[in-house]
Amino acid sequence: MKDRNHLSNVGLVHEVSIIENGLIDIPMLQILQPDGTPHKKAKVPELDQQLALKIYRTMRFIRVLDERMVAAQRQGRISFYLASTGEEAASVASAAALKPQDMIMSQYREQGALAFRGYSTEAFMNQMFSNEKEANKGRQMPIHYGDKALNFMTISSPLGTQIPQASGYAYGQKMAGEEAITICYFGEGAASEGDFHAGLNMAAVLNCPVIFFCRNNGYAISTPAEEQFAGDGIASRGLGYGVKTIRVDGNDTFAVYAATQQARAIALKDNCPVLIEAMTYRLAAHSTSDDPTGYRSKDEEARWQQKDPIARLGAWLKNKGWLDEEQENKDLEKIRQEVLQELKRVEKVPICKIDEIIEDVYDTPPWHLKEQLSELKKHMAKYPEAYPKTSGRL
Amino acid sequence: MAKMNLLQAINNALITAMEENEKVMVFGEDVGHFGGVFRATSNLQQKFGRDRCFNTPLTEQGIIGFANGLASQGSVPVAEIQFGDYIFPAFDQIVNETAKWRYRSGGQFSCGTLTIRTPYGGGIAGGHYHSQSPEAYFAHTPGLKIVIPRNPYQAKGLLLASIRDDNPVLFMEPKRLYRASTGEVPEEDYTLPLGKAEITKSGTDITLLAWGAQMEVIDKATELAQKEGIDAEVIDLRSILPWDAETVCESVVKTGRLLISHEAPLTGGFASEIAATVQDKCFLNLESPIARVCGLDTPYPLAHEKEYMPDHLKVFEAIKRTVHY
Ligand SMILES: Cc1ncc(C[n+]2csc(CCOP(=O)(O)OP(=O)(O)O)c2C)c(N)n1
């Protein structure tokens, strides 16, 4: 039997010697330099042309979608939006390193992972316009996607709640003997929630095949990382909980891809959690309700513009001869057209019928909900003009 | 007097409290330099320094636990929870700790100086994680006070009273009215009493009771009823805990009828508690059953928000039913 005495491996010292944070020095994996050329000693992960282009095109698509939807929000066409500009590599390249059967439990800035899995432009729009075609029946604010067929768990707004849930989901996958893991995305801000600590500890102790993927983008709304935590970021916490850990350049597609691929293999083989801390930057506002000029400098943003993950991968692809300028521009135009057309089309789809208001609260609506619905319908029939989106289809 | 919106009135109350007492400290997510996501704490850090107005890490459990410790030490924390919907990670700290600190220590220690501010309520296309009205969960907790203002004047007077009250107070702000509600607010210091309801309109035919943002809805329904010859008495409860049963019951004795309206779901909502008490105290004066116009017993929806809301038309219909019972 393994010696379970937790003091058995502790070395002894005989003078007071307090360990300081500075002694932990967690390096950051970088394969592609900001100019798009690989580091001399770095090994570019094995990606065929098709996959490399798919990753690139997904990042492009997300950027276009983000731009378009932020504009649509300004025009009052949708109520809210949250862009992932600058962080596309973190979500797309990590999702690319997974298998379709792996579960994704995301925060809200990982539309890239969903797009990589094949979520259609129409599906994105349906959710944002909360219409009757949306899988979650229009119950949540824009960007709270979810798709069972794509193994993408429906997003919840309260931060950090998905972290211990991911541990549980992964444990279930292991117990069921599946060749699958769970990846759980969150921000460095959400990593302050109690759920983060509970989730990592549970996963480590219960040997759960889960990847905790932290996007450390420097801000949680207006709170800069240095007011969020003291110490060496989120990575050092993984070690504290006994979780295997790696820090990567989150704007480097190859670093993210390679690390996630290995993390997946380890999680599956050793039945254990792995923490990835992706160092990146939120170039956009936190959301359409936010104004970053109130708390950070243009200079700072400009410096990060230089590390744009899309330009970086684009440069590599061009050097390699896998991407040509002309084709790329055509492609971009096509994405723009598609997003615009879908937006215009989906905007007109009606919202769910009123009967759905009481569905899914329970497996079947109990008496009191049925009673409330029937009262509501009678009331609406009396004042149809007050409920214009639903009264026409009572 | 100055014209202020609800946010400015809250900001003004916080400045008044911080100027008066240097033990007052304001903190929470994003409240520092940025002034909070709604800007209720604008300029406080610039005025009073980072030690007294600061950002916290993103942990509601941590914020309230920290505030409990601070309060028990004798400081005067005013902790912000960014949205009422996100108060639940702090539920244990509030329900088991904040509320019971004085009781469990035989009065030796307490969190009496703590005030927790949080925006609540819907009507802002926020879906079920930015629209909840969680007052009833906390009203089930002995040891807390719960206060909800309906306009800027009330907000300043009630917030100052909450900060100075020697009991932990949960101060819930109707976010729908943050910018929409404006009014004259005295620049000088004043307080409004906790635990006291306010009769905002006297009438003879029915008592209408609500709080916070729902007062607007009640006022609109009152106007519709007036046109039908129904003269309603309107009461703003203002404090959910302890609540002013005396004022409410006196009114019901006079009008013989009561309608209570809140946005939170019907079942287990605070209207149930009021209804039970009023039927106990005013049984023989009641001329019709007590009506409740509340949110449905579903999570707060997004697409169907308009249908879900206990709006003025639903209240108006219930007024007629109750009066013509
Ligand atoms: C429990 C909880 N508290 C507060 C919020 C409000 N809120 C939404 S996003 C956010 C910041 C999150 O920052 P981070 O996790 O770093 O992710 P990022 O937005 O930077 O991608 C906050 C405070 C929330 N959604 N849930």
Side-chain angles (χ1 to χ4, degrees), chain A residues 79-80 129-132 134 137-142 144 156-161 187-196 220-224 227-229 286 289-291 294-295 351-352 354 356-361 366 368-369 372-373 375-376 379-380 382-383 386-391, chain B residues 28-39 42 50 54-63 65 82-83 85-90 92-93 124-131 265-267 293-309 311-314 316-318:
Chain A
S79 57
F80 178 79
F129 284 99
S130 42
N131 65 28
E132 64 176 8
E134 198 253 312
K137 302 186 186 167
R139 292 188 177 133
Q140 295 202 79
M141 283 167 72
H144 290 71
S156 173
S157 300
L159 287 164
T161 48
E188 88 287 353
S192 293
E193 293 282 3
D195 278 346
F196 167 87
I221 307 190
S222 74
T223 303
E227 292 180 50
Q228 194 63 246
F229 50 76
H286 165 73
S289 317
D290 175 49
D291 173 16
Y295 56 84
I351 66 168
C352 287
I354 194 62
E356 294 196 7
I357 198 171
I358 62 163
E359 281 176 15
D360 307 306
V361 184
H368 64 295
L369 287 178
Q372 289 174 14
L373 174 63
E375 288 293 313
L376 175 62
H379 176 78
M380 288 171 62
K382 191 159 184 187
Y383 295 100
Y387 311 95
K389 286 190 178 165
T390 42
S391 59
Chain B
E29 291 156 19
D30 300 300
V31 306
H33 174 69
F34 191 51
V37 287
F38 292 104
R39 307 292 190 279
S42 286
R50 285 179 97 101
F54 51 91
N55 282 344
T56 62
L58 216 172
T59 162
E60 293 75 15
Q61 171 185 40
I63 292 167
Q82 203 165 72
F83 285 92
D85 311 74
Y86 304 135
I87 203 166
F88 296 109
D92 180 47
Q93 281 290 341
I124 54 142
H128 51 263
Y129 295 120
H130 293 87
S131 305
L266 179 83
T267 298
V293 185
C294 304
L296 306 183
D297 284 323
T298 72
Y300 198 109
L302 181 82
H304 289 134
E305 175 167 44
K306 218 168 166 34
E307 289 77 5
Y308 175 93
M309 287 282 261
D311 62 11
H312 63 288
L313 294 172
K314 292 181 189 171
F316 174 53
E317 287 300 310

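Chain identifiers are assigned alphabetically (A, B, ...) following the order of the sequence lines, protein sequences preceding nucleic acid strands; residue numbering begins at 1 within each chain.
Minimum heavy-atom separation, P89(B) to E193(A): CB-OE1, 4.4 Å. Closest approach of M141(A) and G127(B) over heavy atoms only: CG-N, 4.1 Å.
You'll find the side chain of L58(B) reaches within 4.5 Å of the side chain of L159(A), heavy atoms only. Looking at heavy atoms from C-beta onward, S156(A) lies in side-chain contact with Y129(B) at the 4.5 angstrom threshold. S157(A) is listed as a side-chain neighbour of H130(B), based on a closest heavy-atom distance under 4.5 Å. L296(B) is listed as a side-chain neighbour of Q372(A), based on a closest heavy-atom distance under 4.5 Å.
For D30(B) (side chain) and T223(A) (main-chain N/O), a donor-acceptor pair under 3.5 Å exists by modelled atom type.
For K389(A), there are no side-chain hydrogen bond (donor to acceptor under 3.5 Å, both in side chains) partners, not counting sequence neighbours. Checked against side chain to side chain contact (heavy atoms under 4.5 Å, CB included), Q93(B) has the following partners two or more places apart in sequence or in another chain: I64(B), N68(B), E97(B).
Ion pairing of E375(A) with K314(B) is absent here, as no side-chain N (NZ or NE/NH1/NH2) approaches a carboxylate O to less than 4.0 Å.
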*Applying side chain to side chain donor-acceptor pair (under 3.5 Å), run through D311(B) and Y383(A) and close with a yes or a no.*
CA-CA 12 Å; D311(B) 62 11; Y383(A) 295 100; over 6 Å; no
*Step by step, would you call Y387(A) with L313(B) a side chain to side chain contact (heavy atoms under 4.5 Å, CB included)?*
CA-CA 11 Å; Y387(A) 311 95; L313(B) 294 172; 4.2 Å; yes
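Looking at T390(A), the atoms closer than 4.5 Å to chain B (heavy atoms on both sides) sit in the backbone and in the side chain alike.
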